[in-house]
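Before any comments, here is the structure.
Note that the structure is a prediction, hence the values are computed from the model and not measured. Computed over heavy atoms, backbone and side chain alike; hydrogens, waters and symmetry mates excluded.
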Amino acid sequence: MSKAFKRMTGGIVIYLIISYTILLLIPNSFVLPTAVFSSFVGSLLITSAAILFYRKTPSPELKWILIAVSAYFIGDLGGVVSGYFSLTSVNLNVLLDFPYTIHLLTITIFLFRLLDIEHFRSQKLLILDSLTLFTVAMIAGYLTIFKHIPEYTRTFAEQLSWDIYSFLTILLTLFFFLLYASGLKKPVSLFAFSFLMGGTFLLGMINFLFYSFLLNDFTFYAMLLLPLYPLSSYFFISFLVTWHLPIIAKQQLLLLRIEQILRPSFSYILLLLLITYVTFSPVTTRFYFITIATTFLLFLTRQLFSYRENVRLLRETTSLQENLETIVSQKTELLRLREQEFKALFLSYPQMVLEVNQASHILSGNPAAIREGWMEKSLKDEQVRLFKQVMEALHANKGVPSLSKTFYIPHDEEDLIYTMTSICIADQERVFIILSDVTEDVRQEQWLEKLGNHDALTRLPNRRFFEEQLQTLLPTIRHGSLLFVDLDGFKAINDTYGHDAGDLLLQETAGRLQQLIQGEELVARLGGDEFILFTVRDEDETTAFASKLLASLNEPFYIKDQTMSVTPSIGISLYPSDGKSSNVLLIRADEAMYHIKNTNKNNFQFAAQLKRN
């Protein structure tokens, strides 16, 4: 609660204690002016509080209450001024009654804006109960207020003013029931709802009792009610201050239960009280029988509506029950079919399926899992390692309904690769694990990937893969050399010994090149008898490497009991002086290779030298 609300509450309590202490101690002749002044002080306090709250958190609802309490304050101020100057004009009294009428009318509009009107359309009995309450209130109001107004008032204007105010008081009684029975547009806490109901009931009862006492010559008791008017306004302001508090489900349920118990019997209780009141009140026989007939008609009408509503509800309940039974039967059959489908899927699924509980115990397995030995007492080492990893993954991902993961299990020659998919059955506290041995699939995928990046004959990287690797390597080194190698005399070997011999010679050449490179250096076959190498060496080191390469490729090849020889022509480009990209380096080395091939075979040529020449 805010400090301002606590101060307002403390102020209203102190105001009531002081007011009634003074009123009970002073002589009866001073009660009227003291009660009027006390009501003026209370309305001043409440109006100040309403202005303060409206400035902090303005809202349309608080605006209506501010108008209401301001109107009442103006009426009290006029009453104090007229009493001080002993002004007794009838027209002045009618004028002073106008702010009070505005106050009551504004409160009525405020309450109407809060009502959930849509609820009336679905609850016909609520409309009838409201009509019953309004009729009871009008009859009671006539007996205690309306029939005495002509005797008490002096002019038609004053009588009309009193009639309007009395009618608004009866409307407040009606709104008290409507707020209780139909509810509000916006759900509020029980605490806030109690303030609203208390303020509505208090204002209606104060008005009803005040005019009943006043018109029946109990002026002293009527005056004692005046200090309570600001209290009703305090309740309305408190409702608006607290209606944003959290809604507690238990409190709302309690309120609903009370409403379900009291609302059906509310109309009957009111009708019974009205008949009792009219029976023992001094009324004419005609009015008595009109009241009894009206009451009886309302009772029969409500019974008829209640009967028709019960028949409708019974039919709807019966229809719903039949529909529910049909739905349950259909769902049961569907569940049975799903269970059969699941069982068939479990038994025929080609991959291994294990049923595992929360204690990591294997409960069952499908035929594929049984064939792999998962249901035997002693599992293989790789099965033990796999199952341990699977359960660790499941426990690490608690609450995840489905988990897919790949595991690499050490084996004798090469790792075994499994994929695991888990399906959690939360209500039954078990998990179905689907295990798939994807070792061959992964190996084949790796082989296909390698095949796409390598030459099928020599198993060396192809040009595309070579350039990708070189482009990644170049930013990480300071210098390097790209060697473009072409085999002289290879066509003659193909023509003399056949393509098989040529293929074997290319394979042997690839092997010799791979033996020469080291570390992060690269070698690839471009196609035909052309090869490329990249070494992380400077110019001097590359010269020595090229000489070693010449010597290696000049050694004879022994293929199919035949001795064969080829000579290399080598073009060399240097990084970064000849180029900073793989494509440029390859072009420069290719130019140098063709130059040496056309001028001085079995040798090497630097691209930089070619440029100088």
Side-chain angles (χ1 to χ4, degrees), residues 249-250 253 317-453:
K250 290 184 178 179
L253 184 61
T317 304
T318 304
S319 177
L320 287 174
Q321 185 175 2
E322 292 174 353
N323 291 337
L324 183 60
E325 290 176 355
T326 303
I327 293 172
V328 169
S329 177
Q330 292 174 349
K331 293 295 183 182
T332 304
E333 180 63 21
L334 183 61
L335 185 61
R336 187 183 65 81
L337 292 174
R338 290 288 180 267
E339 186 176 356
Q340 290 179 352
E341 291 174 358
F342 172 75
K343 186 176 180 180
L345 178 63
F346 181 76
L347 294 176
S348 62
Y349 197 70
Q351 306 297 339
M352 296 172 287
V353 183
L354 302 176
E355 182 185 6
V356 182
N357 61 13
Q358 285 191 332
S360 301
H361 294 149
I362 300 175
L363 302 177
S364 64
N366 70 338
I370 295 173
R371 284 194 301 270
E372 293 295 326
W374 280 96
M375 300 310 297
E376 296 178 0
K377 291 184 179 180
S378 57
L379 300 178
K380 298 176 184 178
D381 292 340
E382 58 266 19
Q383 288 178 321
V384 173
R385 288 193 288 266
L386 174 60
F387 190 70
K388 183 178 179 181
Q389 291 186 34
V390 166
M391 297 316 297
E392 287 176 354
L394 283 175
H395 291 311
N397 290 271
K398 266 186 182 176
V400 178
S402 180
L403 172 70
S404 185
K405 197 172 180 65
T406 302
F407 301 99
Y408 294 83
I409 309 301
H411 196 52
D412 296 338
E413 297 179 357
E414 59 181 359
D415 289 351
L416 298 175
I417 306 172
Y418 289 88
T419 60
M420 179 272 289
T421 302
S422 68
I423 303 172
C424 300
I425 312 297
D427 295 339
Q428 301 180 20
E429 299 181 348
R430 56 184 176 147
V431 181
F432 284 95
I433 299 171
I434 302 174
L435 292 175
S436 301
D437 185 350
V438 294
T439 305
E440 290 300 324
D441 295 337
V442 173
R443 296 287 181 259
Q444 187 175 10
E445 184 179 345
Q446 292 173 347
W447 180 80
L448 289 173
E449 183 180 354
K450 185 175 181 181
L451 190 62
N453 294 329

Minimum heavy-atom separation for [X] to [Y], with atom names?
X      : Y      : result
Trp374 : Leu379 : O-CD2, 3.6 Å
Met375 : Ile370 : CG-CG1, 3.6 Å
Gln351 : Ala368 : O-CB, 3.6 Å
Ala369 : Leu354 : CB-CD2, 3.6 Å
Val353 : Phe432 : CG1-CD2, 4.1 Å

With Gln330, which of Thr326, Val328, Thr332, Leu334 fulfils side-chain contact (heavy atoms from CB on, under 4.5 Å)?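 Among Thr326, Val328, Thr332, Leu334, the one meeting side-chain contact (heavy atoms from CB on, under 4.5 Å) with Gln330 is Thr326.
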From Ile327 CD1 over to Leu320 CG, what is the distance, rounded to the nearest 0.5 angstrom?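 Reported to 0.5 Å precision, the distance equals 9.0 Å.
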At what distance, to the nearest 0.5 angstrom, does CD of Glu376 lie from CD1 of Ile362? 11.0 Å
Measure the shortest side-chain to side-chain distance between Leu435 and Val390 over non-hydrogen atoms and say whether it is less than 4.5 angstrom.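 Leu435 reaches Val390 side chain to side chain.
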